J.: 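Sharing a structure below in structure tokens format, with a few things to ask.
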Amino acid sequence: MTRTTTSLHCSRSLNVPDDLAAQMGIRLSVGFDFHEYLSITEVTPTKSRTDPIFRPDCSPIRSGEGYWIAGVDENNKVAVLEAARLYDLSQTNFAEHLESLKAFYGNPARQAHPQDRCTCTAPSAKKIFGRVVYYGDLWVRGDLRGRGLSKITGKLGSCLSFAMWAPDFVCWFVRGSALDKVSKSAHHEPGGAILQLVEHGILDEYWLVWRTGEEFRSLVNLSGRTGIAVAS
């Protein structure tokens with residue numbers, strides 16, 4: 001299936017995940033202004049602070065290079081959040097992008113704390129380059145966890161990313177304790193990021209999870225045949 005055909009199918013399926021979420025009493029929306037996104041995340045109870053990757057005051061996200069998904073319940077209370085952005089790594093690779101701190105700051109020399117650092121030892125990170133989509137900041141409200149809401153937003157995000165960017169790779173980070181939740185169709189390696197960002201209170205270690213562009217396209221096609229994946 002070509003990108004055009006897949007994107008068209010996604011567009012025609014736009015209401016499907018919205019209907020699935022609606023069955024749970026959740027209304028989904030997609031946004032592109034990350035200042036607005038921060039205004040939502042910073043007043044959402046129990047959600048940790050949004051990482052610099054998705055904070056426009058730290059790492060500017062140009063128009064057309066990022067989106068976020070938010071879901072609210074019948075009382076207009078935030079139920080789920082997720083974000084994605086596109087990196088142009090045509091002249092570098094994901095490992096170098098992380099270790100230079102350019103993944104987190106528009107100008108690391110000026111914005112990073114002297115003790116900020118990121119070490120990436122995952123071998124495949126050096127092979128991730130070109131148009132790279134990074135997913136993150138996923139949060140689901142406690143009373144809704146385990147009900148498949150993140151899968152609904154994930155499928156929506158997959159087709160949005162494909163229709164907007166047709167990436168060469170997609171990737172994200174998970175803690176080792178959450179590896180059992182990673183799809184078996186996704187690659188994963190330890191040492192994705194050993195990260196310390198002092199002023200953001202981040203000191204953690206993550207596994208790298210990724211798919212190639214071809215694998216990602218096949219995933220979107222498969223979801224499309226089930227009538228679930230969507231995009232605007």
Side-chain angles (χ1 to χ4, degrees), residues 17 20-21 24 28 46-48 50-51 53-54 66-71 79-87 89 93-95 97-99 103-104 118-142 144-162 165-195 202-226 228-231:
L20 293 173
M24 302 171 62
L28 297 177
T46 78
K47 185 190 180 302
S48 60
T50 293
D51 291 346
I53 287 177
F54 296 112
Y67 66 82
W68 48 268
I69 299 171
V80 61
L81 294 163
E82 184 175 340
R85 67 175 298 171
L86 176 71
Y87 286 123
L89 303 184
N93 60 62
F94 194 51
H97 194 57
L98 291 168
E99 294 188 333
F104 312 99
C118 181
T119 302
C120 177
T121 60
S124 295
K126 293 182 178 180
K127 302 176 183 178
I128 295 176
F129 57 89
R131 297 170 64 81
V132 178
V133 173
Y134 175 81
Y135 294 104
D137 214 44
L138 174 64
W139 174 87
V140 180
R141 203 172 65 204
L144 293 169
R145 291 173 188 168
R147 297 177 59 185
L149 189 54
S150 62
K151 291 183 179 180
I152 295 172
T153 59
K155 291 176 191 217
L156 170 58
S158 291
C159 233
L160 277 169
S161 295
F162 183 85
W165 302 315
D168 298 302
F169 292 90
V170 299
C171 61
W172 60 101
F173 291 136
V174 298
R175 293 184 176 89
S177 59
L179 276 177
D180 60 326
K181 299 178 182 178
V182 174
S183 169
K184 293 181 180 179
S185 67
H187 309 282
H188 55 277
E189 287 179 350
I194 304 170
L195 183 62
I202 297 174
L203 179 59
D204 217 331
E205 184 172 346
Y206 302 93
W207 283 59
L208 172 67
V209 185
W210 82 98
R211 289 188 175 97
T212 67
E214 184 61 32
E215 292 166 341
F216 183 59
R217 183 175 70 174
S218 297
L219 177 70
V220 172
N221 289 345
L222 178 61
S223 297
R225 286 196 294 272
T226 65
I228 295 177
V230 302

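These numbers come from a predicted model, not from an experiment. Start at 1 with the first residue, then count along the sequence.
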J.: Going by heavy atoms in the side chains, are Leu195 and Phe104 under 4.5 Å from each other?
T.: yes
J.: Heavy atoms only: give me the nearest His188-Trp210 pair and the separation to one decimal.
T.: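 Reported closest heavy-atom pair: N-CZ3, 3.6 Å.
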J.: Any side-chain heavy-atom pair from Glu99 and Thr119 closer than 4.5 angstrom?
T.: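 Side-chain contact under 4.5 Å: yes.
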J.: Drop me the distance from Phe54's CZ to Tyr135's OH, to the nearest 0.5 angstrom.
T.: 10.0 Å
J.: Is there a side-chain contact between Leu208 and His187 in this structure, where contact means two heavy atoms from C-beta onward sitting under 4.5 Å apart?
T.: no
J.: Measure the NZ-OG distance between Lys151 and Ser158 for me, rounded to the nearest 0.5 Å.
T.: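 If I round to the nearest 0.5 Å, the distance is 13.0 Å.
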J.: Check for a donor-acceptor pair, side chain of Asp168 on one end and backbone N or O of Arg131 on the other, with a separation under 3.5 Å.
T.: yes
J.: Can you find a heavy atom in the side chain of Leu149 that is under 4.5 Å from one in the side chain of Met24?
T.: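 Yes; the side chains approach each other to less than 4.5 Å.
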J.: Measuring from Glu82:CD to Leu28:CG, what's the distance to the nearest 0.5 Å?
T.: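 If we round to the nearest 0.5 Å, Glu82:CD and Leu28:CG are 10.5 Å apart.
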J.: Give, for atom CD1 of Ile69 and atom OG of Ser150, the distance between the pair rounded to the nearest 0.5 Å.
T.: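 Going from the CD1 atom of Ile69 to the OG atom of Ser150 covers 11.0 Å.
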J.: Flag the pair Leu81 / Asp137 as yes when at least one side-chain heavy-atom distance between them is below 4.5 Å, and no otherwise.
T.: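 Not in contact.
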J.: How many angstroms lie between CZ in Phe169 and CZ in Phe216, if you round to the nearest 0.5 Å?
T.: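 Reported to 0.5 Å precision, the distance equals 13.0 Å.
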J.: Do Val140 and Thr153 have side-chain heavy atoms sitting under 4.5 Å apart?
T.: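 Of all side-chain heavy-atom pairs linking Thr153 with Val140, none is under 4.5 Å.
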J.: According to the salt bridge (charged side-chain N to carboxylate O under 4.0 Å, His left out) rule, which pairs have a member within residues 169-189, sequence neighbours left out?
T.: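 Every pair satisfying salt bridge (charged side-chain N to carboxylate O under 4.0 Å, His left out) with a residue in residues 169-189: Arg175-Asp204.
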J.: Identify the two heavy atoms, one from Gly192 and one from Cys120, that lie closest to each other, and give their separation to 0.1 Å.
T.: O-SG, 3.2 Å
J.: Using side chain to side chain contact (heavy atoms under 4.5 Å, CB included) as the criterion, list what pairs up with Arg211, not counting sequence neighbours.
T.: Val170, Trp172, Ser183, Ser185, Ala186, Glu215, Leu219
J.: Could you pull out the closest heavy-atom pair between Ser161 and Tyr67, with the gap in Å?
T.: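 Where Ser161 meets Tyr67 most closely, the heavy atoms are OG-OH, 2.8 Å.
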J.: Which heavy atom in Ala103 sits nearest to a heavy atom in Ile53, and how many Å separate them?
T.: O-CG1, 3.3 Å
J.: Minimum heavy-atom separation for Asn93 to Phe129, with atom names?
T.: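 Distance-wise, the nearest heavy atoms are CA-CB, 4.3 Å.
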J.: Ring-plane angle category for Tyr87 and His97, please: parallel below 30°, perpendicular beyond 60°, tilted otherwise.
T.: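 Tyr87 vs His97 ring planes: perpendicular.
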J.: Is there side-chain contact between Trp139 and Val80, with heavy atoms separated by less than 4.5 Å?
T.: no
J.: Side-chain contact test, heavy atoms from C-beta onward, threshold under 4.5 Å: evaluate it for Leu98 versus Phe173 and give yes or no.
T.: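 The answer is yes, as the side chains (C-beta and beyond) meet within the 4.5 Å cut-off.
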J.: Specify the closest pair of heavy atoms between Trp207 and Pro190, including all atoms of both residues, with the distance to one decimal.
T.: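 The answer is CE3-N, 3.3 Å.
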